[in-house]
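Along the sequence shown, the residues carry numbers beginning at 1. Since the structure is predicted, the reported quantities are computational estimates derived from the model, not experimental observations.
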Amino acid sequence: MDVRATAAQPNGSIPNGSTKHNALVAGADRHQIIDDQKNFTSELASQLKHWGLHDTGFDYDVVAVFGSQSTGKSTLLNRVFGTNFDVMDETRRQQTTKGIWMCRGQDMNVMVMDVEGTDGRERGEDQDFERKSALFSLASSEVLLINLWEHQVGLYQGANMGLLKTVLEVNLSLFGKSSNQRTLLLFVIRDFIGTTPLANLSATLTADIQRIWDSLSKPTDLQEAKLTDYFDLSFVALPHKILAADKFENEVRELRKRFVDKTNENYVFKPSYHKRIPADGVAFYMENIWEQVQANKDLDLPTQQELLAQFRCDEIATVALAEFNEQAKFQKRPIELGRVVEGLGGMMRQWKSAVLSRYDRDASRYHKDVYSRKRTDLLAVVDSVLSPLFLGQLKNLHKACLVTFKKEMLEGLRGENSNFADVVTAAKDKCEVSFVTAAKEARLEDSDWVWEDELELLREEVKSVSDQCRADETKKMVNQIERNFKKQISDPVEVHLNVASARMWDEVLGVYRETLDKSEALYLSKAQTFNCTDEENASSLATLRRRAWIALRAKIDEQTADPVLLGKLRTHFEERFRYDEDGIPRVWKPDDDIDGAFKKAKDQTLELISLYSRIRPQDPENAYEFSADTLTAHSDDHQLEEEFDFESSLTVLSETKVLDLSSRFRKDADAYYVEAKRSTVSSIAQIPTWMYGVLVVLGWNEAMAVLFNPLYFTALLCALATGWMILKLGLVGPLLQVSRTVANEVQRQATDRLHQHFSQPAMTQPIAARSRNDSDDEGGLREELRQRRL
């Protein structure tokens with residue numbers, strides 16, 4: 001018996017030729033039961049003893065793996081069952097497992113079979129061993145793991161559906177009459193990225209297996225046999241082993257639980273799958289199955305004519321595909337970079353026509369069935385190469401058309417009189433026409449490719465972009481209308497609030513209603529160009545009303561701020577206290593009723609604080625029109641709705657603020673009252689008229705002396721002329737500044753001189769003289785105190 005034909009591996013695999021010592025090498029827990037030359041081992045029974053499974057009776061299970069070469073089957077088994085099968089060197093894409101190997105699962109009574117992968121380049125077109133190994137693993141195992149990539153789901157050859165069909169058909173004819181041949185087919189979908197849900201992939205694989213079962217050539221007595229009579233299907237998905245290593249390991253651990261945890265609801269080793277063969281008879285049972293598989297003629301090689309046709313057709317197709325692949329490779333890179341390749345459809349038609357023409361010219365003289373079958377395969381390969389180019393072209397067209405749509409829409413909206421609906425419709429039509437034209441050009445007529453689905457996706461994105469743009473433009477329009485509204489109500493509201501009256505709030509609300517009606521009409525006229533629905537218009541108008549009310553309240557708050565409102569109160573008080581009914585300023589006289597006028601003006605002014613404190617229109621229609629219902633209906637601005645409280649917005653000044661303003665105003669009014677009282681006192685204390693006569697009599701001689709003395713009179717005239725010239729020339733300010741500067745300089749000089757004088761040290765007096773002076777001073781002080789007491 002041969003073993004795996006590889007060099008010595010780090011995990012203890014053995015080179016070719018050491019068949020006798022395979023089970024004796026230290027650490028070599030795996031065993032090759034069928035080598036790559038289709039020979040069954042004679043040492044399986046002893047190996048089962050070595051594993052400790054020979055005497056377990058029925059307490060064991062058998063699991064095998066099936067799938068394409070280099071899809072990670074050995075890695076999967078090692079991760080799930082703790083085995084040590086050789087895995088592929090990721091730097092070298094080559095065959096790793098040759099033949100069929102078996103190993104015991106770690107800490108479990110499970111015989112794990114690692115089957116050589118299908119579709120390997122080493123065997124090429126020789127599918128004999130693939131069919132027989134697949135049939136053997138299906139017939140001898142309880143659970144068959146079918147390992148495949150996610151992108152292989154939906155493929156016929158890529159997912160080994162053709163091989164599986166042959167195996168199922170032969171299995172049914174050989175072992176279909178046995179009552180204990182029920183098997184679980186567990187599909188392990190690798191590199192699962194989640195774009196297509198697992199349920200959809202499971203449905204696709206289930207449909208494919210059912211279709212294969214329905215197409216089988218069943219024995220006469222098994223014509224009514226159903227797939228569910230022999231097989232159960234289960235599906236599991238594993239993420240990418242390298243790109244999502246953590247997720248891969250987590251999912252593998254979950255998968256292992258299905259094989260080791262009997263309490264798990266998805267536990268796979270059900271009693272109905274067991275072959276009911278004692279463990280000590282497993283070696284003989286498997287060897288018998290392999291002999292039946294080997295002897296079956298349905299798995300034999302084709303005829304020599306078909307073999308020749310297959311060889312030559314494959315060779316011809318390979319040559320034809322070589323040139324085709326070179327041509328397609330140059331366009332693959334631009335598409336992967338997201339570019340739209342002009343004339344891609346024409347190029348693909350030319351490539352495909354050249355491939356088929358060359359194949360038909362050289363292969364049509366061989367076996368017709370093989371020629372036709374290989375031609376179909378060739379078409380599938382060509383389409384599989386061209387299909388990604390077509391799909392990539394559609395994706396790139398999708399992105400390019402969407403970018404163009406956005407650009408043209410934004411450029412169209414820059415115009416002053418642009419109509420949103422017309423701009424969007426024109427851009428959308430142009431986008432769809434461009435996509436459909438390019439998509440039709442890229443589609444091959446004899447293929448089942450479709451571009452309508454991508455067009456629907458493009459339409460959805462275009463609608464989403466246009467709706468978002470419409471929402472943005474609507475918001476901009478509402479914001480602009482709101483700014484205009486603020487400008488329009490600013491001056492009228494300020495004027496009405498400055499003229500306090502009983503109908504002040506009616507006037508303010510009238511301005512608000514009139515301006516708001518104009519704003520709403522402006523919105524509706526512009527909204528017609530946006531194709532807005534009635535619900536959207538109602539919501540936008542409700543938002544506009546709330547924002548307008550908030551803007552009005554902001555203006556009212558501005559005009560009722562403490563400094564502004566106190567100024568209004570002072571002005572109102574002055575107009576009623578310091579001016580009479582005709583608007584003439586009052587000159588208070590001692591006999592005027594200052595107290596009565598003061599009390600009346602103050603009371604009237606204090607009433608205004610109550611008027612300003614709350615918005616109270618006298619007209620009932622205004623009170624109803626500006627209610628909470630009219631400002632909160634049809635709202636979709638939830639944040640604004642939560643912040644907006646209409647009832648509280650009617651209160652301009654709180655009770656505390658009213659009391660504070662009243663107190664501050666009374667202080668200002670008291671100051672006006674005191675000023676009025678002082679003016680009456682000053683008018684009473686004025687200079688008597690007779691005093692002016694006394695001044696004339698007493699100063700008559702001095703005045704005559706100045707007038708009749710030429711020197712004094714000339715000096716007086718010069719002084720008057722000089723003063724007149726200074727006034728006319730505007731030199732009063734400069735003269736005062738010069739005089740002030742000279743005075744300051746004189747004061748500074750004098751201060752410096754005094755400091756210098758008093759800072760000189762005093763003459764030193766004799767000690768005796770100072771003592772005498774101190775005694776004199778003390779005596780004088782006592783004398784002064786005595787005199788004060790007397």
Side-chain angles (χ1 to χ4, degrees), residues 151 153-155 193 195-197 200 204 324-325 327-356 379-415 418-473 529-533:
H151 65 267
V153 177
L155 302 179
I193 61 176
T195 303
T196 304
N200 295 350
T204 301
F324 166 79
N325 289 331
Q327 294 173 330
K329 182 173 64 175
F330 289 106
Q331 299 303 330
K332 183 178 180 181
R333 184 61 176 171
I335 291 179
E336 290 178 347
L337 293 175
R339 303 175 190 167
V340 177
V341 178
E342 297 293 336
L344 178 64
M347 288 188 287
M348 291 193 299
R349 293 183 189 92
Q350 182 180 356
W351 302 338
K352 186 173 182 179
S353 176
V355 169
L356 294 179
L379 281 173
V381 173
V382 171
D383 288 343
S384 67
V385 175
L386 297 181
S387 178
L389 298 180
F390 172 75
L391 296 176
Q393 181 83 334
L394 291 184
K395 296 292 183 183
N396 297 340
L397 277 172
H398 181 140
K399 296 178 182 178
C401 291
L402 189 61
V403 171
T404 304
F405 169 77
K406 293 179 182 178
K407 181 179 179 181
E408 294 187 356
M409 182 178 64
L410 294 177
E411 289 180 353
L413 293 175
R414 291 193 183 120
S418 60
N419 186 300
F420 182 85
D422 295 341
V423 170
V424 171
T425 301
K428 177 181 177 182
D429 293 342
K430 185 175 181 180
C431 172
E432 290 186 4
V433 169
S434 176
F435 178 85
V436 171
T437 302
K440 287 182 177 180
E441 190 277 334
R443 181 183 179 276
L444 299 183
E445 292 75 8
D446 57 347
S447 66
D448 57 352
W449 302 343
V450 293
W451 48 264
E452 288 80 6
D453 295 340
E454 193 69 29
L455 178 60
E456 289 301 321
L457 294 177
L458 176 62
R459 287 173 175 170
E460 292 178 2
E461 289 200 29
V462 166
K463 184 178 182 302
S464 176
V465 171
S466 60
D467 289 345
Q468 183 61 43
C469 184
R470 181 179 64 183
D472 294 341
E473 292 296 321
T529 65
F530 287 83
N531 287 339
C532 296
T533 62

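For Pro334 against Val341, the heavy-atom pair with the smallest separation is CB-CG2, 4.2 Å. Heavy atoms only, all atoms of each residue included: Trp351 and Ala328 are closest at CZ3-CA, 3.7 Å.
For residues 384-407, the set of pairs meeting the salt bridge (Lys or Arg N to Asp or Glu O under 4.0 Å) definition, not counting sequence neighbours, comprises Lys395-Glu454.
From Leu386, atom CG reaches atom CG of Leu391 across 11.0 Å, with rounding to the nearest 0.5 Å. For the atom pair Arg443 CZ and Arg349 CZ, the distance stands at 9.5 Å (nearest 0.5 Å). The distance from atom CG of Asp383 to atom CG of Leu444, rounded to the nearest 0.5 Å, is 7.0 Å. Distance CD/Glu441 to CE/Met348: 7.5 Å, rounded to 0.5 Å. Atom CZ of Phe435 is separated from atom NZ of Lys440 by 11.5 Å, given to the nearest 0.5 angstrom. A distance of 10.5 Å separates CG in Leu389 from CG in Asn396, rounded to the nearest 0.5 Å.
Classified by interplanar angle (parallel below 30°, tilted 30° to 60°, perpendicular above 60°), the ring pair Trp449/Phe390 is parallel.
A salt bridge does not link Glu460 with Lys463: none of the charged nitrogens is closer than 4.0 Å to a carboxylate oxygen.
The shortest side-chain heavy-atom distance between Leu344 and Ile335 falls under the 4.5 Å cut-off. Put simply, the side chain of Thr404 does not reach to within 4.5 Å of the side chain of Ser434, judged on heavy atoms. Here the side chains of Leu457 and Asp453 are not in contact, with every heavy-atom distance at 4.5 Å or above.
Counting only distance, with no hydrogens or angles, the side chain of Ser464 and the backbone of Glu461 share no donor-acceptor pair below 3.5 Å.
By the neighbour-count criterion of 12 heavy atoms within 6.0 Å, atom CD of Glu336 is densely surrounded, having more than that number from other residues, nucleotides or ligands. Around the NZ atom of Lys352, the shell of radius 6.0 Å holds more than 12 heavy atoms that belong to other residues, nucleotides or ligands.
Test Leu455, Val403, Val340, Leu458 against His398 for side-chain contact (heavy atoms from CB on, under 4.5 Å) and you get one pass: Leu458.
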